[in-house]
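Scroll down for the structure; my scribbles are underneath it.
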There are 2 protein chains.
Amino acid sequence: MAAESKSRARRGVEKSEILDAAFHLFAALGEAAFSIRKVAAVIGVDPMTVLHHFGSKDELLRAIADHGLRSVEMPAATQDWRGDLKAVGKAYRTLAHHHPRVFPLHFRYNATGPADHISSEIVYRALRNAGLSDESAAGLGLAFYSFVLGFALAEAEGLLRPIGPAQETELNALDPETYRATRELIPALQTLDPNAAFDDSMDVFTAGVAALAKFGPSTVSSADCEAKCA
Amino acid sequence: MAAESKSRARRGVEKSEILDAAFHLFAALGEAAFSIRKVAAVIGVDPMTVLHHFGSKDELLRAIADHGLRSVEMPAATQDWRGDLKAVGKAYRTLAHHHPRVFPLHFRYNATGPADHISSEIVYRALRNAGLSDESAAGLGLAFYSFVLGFALAEAEGLLRPIGPAQETELNALDPETYRATRELIPALQTLDPNAAFDDSMDVFTAGVAALAKFGPSTVSSADCEAKCA
DNA sequence: CTCTTGACTTCTACACCGTAGAACTTACAC
DNA sequence: GTGTAAGTTCTACGGTGTAGAAGTCAAGAG
């Protein structure tokens, strides 16, 4: 159409259209094979047009990371702080599952989009509801964040799958004495369920937070807690 | 020297010498500015020589990641499972602190060098000493691993520093109602100590593991544990 | 209407990249 | 000597990000 070609010429392609194409291309190809020129080819435009809208490839990658983060909907805070923490973790995990190639970008560009503030607000609120002090809530909130991102990143990179025959033989080649625990855990590692592992670790974390809130930092670090609990 | 030039010509530079130069160059420049050609220039050799020894740039990066992992000495397992877990965490954190640019490579190339097996053996052994079942130890071991790597990675990327004036004004611009917890934690975030945050989270994790080992998975996830502990 | 302006696109060009393939050099076995 | 094999270097190709100039076109001013 003349109108479309005119429009195309006038203000070119929408910036959001470029970002969309770039995001999907990145998600499909991965970082190594991703390039500005390929994005431009997909939407039928000069590479410099893409660059003009984002300033540099680095800024484009940052925008891609932000775009991914914006696509996940964060849960609303409730009164159940344990459930809230799990919900935040689940949100990041589904993000990692949906776009595993894009996910690592969130670490490189310490993405602080709106979605990020929402999720951290939920985490902070949950930890305070659990009864932690401000200092503990701040530090443990960031630690929790690191854990969730680290777990999701590990899943995205394929590090948390049940081990296959290749790894089994590799582990079996280890010295049975020095690597006794590892070798005895091979059956458990073969039937590993990432979801169960995540749920377990969330339970562990929340139980630990509850203990910290109740007994304070000095007791929770030692074995005294167990004595108290007995 | 004639002898040296002959030796250089005969079997060229040692592979380890190339790897050393590559590692330090990568640690200094970061991935974006790192290139095979620069490595070759540093040691005065043709770029193709570097490539010949490692096959591809990807293999070279993998070797760099392995080299970094090998440089950290893992602690020996003791009877104190809590201390062992902390020691493993500390080892990875110091690795991240020493070579922050190299550290992210450990995630991309799910590095399974000898040091990796040693550390996971320590983790598995510790969790079993804590009294966990094989299934729990396997899942939580990997989760612990993800946490430690995620925390160290966050530190390496500079995400865990106390917030500065720029971030403070950014947080203060948030809606005071929806981001109440975040805004009230600003003072705590300004004086954040990564070491304390890590220690706290380790205490939380070990306390949670102890509770899981004592009460089982069904109770630890609810509030019953606190009731028991009271 | 013309002229200007300013945003957007495109063209051209450059330096750099990873690496395939051939050619050269050297050490050593016979 | 004559292989032979390993290691090095040269050359070349297609691809990359992007600087800078040039082109295109809608919209407003006179």
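Scope of the values below: all heavy atoms of this structure, side chains included, with no hydrogens, waters or symmetry mates. Labels below follow one simple rule: chain letters A, B, ... track the order of the sequence lines, proteins then strands, and each chain is numbered from 1.
- Closest approach to the B/D46 side chain among C/dT10, D/dG17, D/dT9 is made by D/dT9 (side chain taken as heavy atoms from C-beta onward).
- With distances taken from any side-chain atom of A/H52 to the nucleotides D/dT9, C/dC17, C/dT9, the minimum falls on C/dT9.
- Between A/K38 atom NZ and D/dG14 atom P the separation is 16 Å, expressed in whole Å.
- Per the geometry, NZ belonging to A/K57 stands 11 Å off C1' belonging to D/dG15, to the nearest Å.
- Map B/P47 and B/R37 each onto its nearest nucleotide of DNA chain D; the residue landing nearer the 5' end is B/P47.
- Listed candidates were C/dT19, C/dC8, C/dT10. Nearest to the side chain of A/H53 is C/dC8.
- You'll find that the side chain of B/M48 is closest to C/dG21, out of C/dC11, C/dG21, C/dG18.
- Rounding to whole angstrom units, CZ of residue A/F54 and P of C/dT9 are separated by 11 Å.
- Comparing atom distances between the A/T49 side chain and each of D/dT16, C/dT9, D/dT11 picks out C/dT9 as nearest.
- Sorted by first and then second residue, the pairs that involve residues 150-159 of chain A and meet side chain to side chain donor-acceptor pair (under 3.5 Å), not counting sequence neighbours, are A/R93-A/E155, A/H97-A/E155.
- Counting all heavy atoms, side chain and backbone alike, A/F147 lies closest to A/S201 at CZ-OG, 3.3 Å.
- Heavy atoms of other residues, nucleotides or ligands lying less than 6.0 angstrom from CZ of A/R180 number 12 at most.
- Remark: B/D66 engages B/R70 in a salt bridge, criterion side-chain N to carboxylate O under 4.0 Å.
- Regarding B/F34, its CZ atom lies at a distance of 12 Å from the C1' atom of C/dG18, rounded to whole Å.
- Whole-Å rounding puts the A/E17 CD to C/dC8 P distance at 15 Å.
- With respect to B/E31, the salt bridge (charged side-chain N to carboxylate O under 4.0 Å, His left out) criterion is satisfied by exactly one of B/K57, B/R108, B/R101: B/R108.
- Here D/dG17 presents its P atom at 15 Å from CD of A/E59, a figure rounded to the nearest Å.
- Across all strands shown, A/L51 has heavy atoms under 4.0 Å from base atoms, whether or not it also approaches the sugar-phosphate.
- The CG-C1' distance, from A/L29 to D/dT16, rounds to 15 Å in whole Å.
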